[in-house]
Number of protein chains: 2
Amino acid sequence: MDKSILFNKLVSFSASVHRVTYELTKDVKPDSITHVQYKILENIAVSQPVTPSEINDCMQMSMPNTSRELSKLSEKNLIEKISDDKDKRKQYIHLSSDGEILMNEAFASIEARFLERIQNATPEDLKDIERAMDILQSKLFSP
Amino acid sequence: MDKSILFNKLVSFSASVHRVTYELTKDVKPDSITHVQYKILENIAVSQPVTPSEINDCMQMSMPNTSRELSKLSEKNLIEKISDDKDKRKQYIHLSSDGEILMNEAFASIEARFLERIQNATPEDLKDIERAMDILQSKLFSP
DNA sequence: CCTCTTATTTATCAATTGATAACTAAATCA
DNA sequence: TGATTTAGTTATCAATTGATAAATAAGAGG
């Protein structure tokens, strides 16, 4: 097995993933928030509660910028901060009810596009897709 | 097969792909160009020659902004433009020799990280990975 | 030839993002 | 207790990016 050929496949594969991700998520972000803010909300949505520090690790931002964007999200009533009882320096951030609504709508619209995309797939296709994602997840994309 | 479960898998799968892509490509961009400029060079590298119009379709930019960034890349001697003989409005853009060197180095460093990542994979693992990518490419990520 | 469309450029401006320094407040440690 | 580290904030500034209007210049169609 030539690993260089595999690498080339990975390049075109990840280009495809990025393109499809783009198509599925296109325009789901409301105009009231910026792209970075939407990404932060996505991050919070899938792993809430999170601390600001965790956010800037995942998102590759600096603390001051993360803090600024979180403040803006807070002003827009999309997130809530609660400070840790034990260590009062820490904060736990989670979506507010408005934030939950916003992200639920976003995910619902992404899912609808996904279902459209796989509407013609047979049950065996779906099984194949599921198995293929499991394989890559465990053999190539696991930490 | 529950399609909603499959959708959830896709969400976490694409998050993994994006994270690994980030790790593989981290810091390969030289400081002399911006992120967007690097992305444009990547785009040109994999499908040269391209026209400015094709670039802004792929990259979701507006023509004026594409034009500006291409001019900057041209000033930095990373790309060359040649206009079509038949239709003189059109231009074909390709990497200059400096641009080729830059992108070759970038890809070499990405490939080295990839090889490191799969160094402990068995030949069967590699076959599995390859097959899984083929399946997803054809059943989920094809246009 | 005259209009219309296509491909690209130039210019300009606002918004977003990134980077840095300096700060507060709470925890840890010695 | 006092020094140091950790978590997060505030303020500021430059760079990047996005958006829009208006121009050029070549092809296409009647």
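Every chain is numbered from 1, with letters handed out A, B, ... down the list of sequences.
A:Leu70 places its CG atom 14 Å from the C1' atom of D:dT10, with the value rounded to the nearest Å. In this structure, the CG atom of A:Asp85 is 11 Å from the P atom of C:dA27, given to the nearest Å. Counting to the nearest Å, the C1' atom of C:dC29 and the CG atom of A:Asp87 are 15 Å from each other. Protein atom CE of B:Met63 is 13 Å distant from nucleotide atom C1' of D:dT24, rounded to whole Å. D:dA25 atom C1' lies 15 Å from atom NZ of B:Lys90, rounded to whole Å. Straight-line distance from the CD atom of B:Glu54 to the P atom of C:dT6: 16 Å, rounded to whole Å. Spacing between atom CD1 of B:Ile82 and atom P of C:dT8 amounts to 13 Å, rounded to whole angstrom units. Atom-to-atom, NZ of B:Lys81 to P of C:dA7 comes out at 16 Å; the value is rounded to the nearest Å.
No donor-acceptor pair under 3.5 Å is formed between the side chain of B:Lys9 and the backbone N or O of B:Phe13. Remark: side-chain polar atoms of A:Lys76 are paired, donor with acceptor, to backbone N or O of A:Ser32 under 3.5 angstrom. Between the B:Gln48 side chain and the B:Leu95 main chain, a donor and an acceptor come within less than 3.5 Å of each other. A donor-acceptor contact shorter than 3.5 Å is absent between the side chain of A:Thr66 and the backbone of A:Met61.
Rounded to 10°, the angle separating the first-five-pair axis and the last-five-pair axis of the helix from C:dC1-D:dG30 to C:dA30-D:dT1 equals 30°.
Taking only side-chain nitrogens and oxygens, A:Lys88 never comes nearer than 4.0 Å to OP1 or OP2 of C:dT24.
No chain of hydrophobic side-chain contacts below 4.5 Å, direct or via other Ile, Leu, Val, Met, Phe, Trp or Tyr residues, connects A:Ile101 to A:Ile110. Transitive grouping of hydrophobic side chains (ILVMFWY, heavy atoms separated by less than 4.5 Å) brings B:Leu6 and A:Leu115 into a common cluster. Note on B:Ile118: it does not cluster hydrophobically with A:Ile135, by side-chain heavy-atom contacts below 4.5 Å among ILVMFWY residues.
Not a single donor-acceptor pair, N or O on each side, falls under 3.5 Å between the base of C:dT8 and the side chain of B:Arg89.
Heavy atoms of other residues, nucleotides or ligands lying less than 6.0 angstrom from NZ of B:Lys90 number 12 at most.
Relative ring orientation between A:Phe7 and B:Phe114 is described as tilted, the plane-to-plane angle lying within the 30° to 60° band.
Across all strands, A:Thr66 comes closer than 4.0 Å to no nucleic acid atom at all (heavy-atom distances).
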Discussion item. Walk along nucleotides 13-23 of chain C from 5' to 3' and tag each nucleotide B, S or - by protein heavy-atom contact under 4.0 Å, base first, then sugar-phosphate.
Written reply: ---SBBBBB--

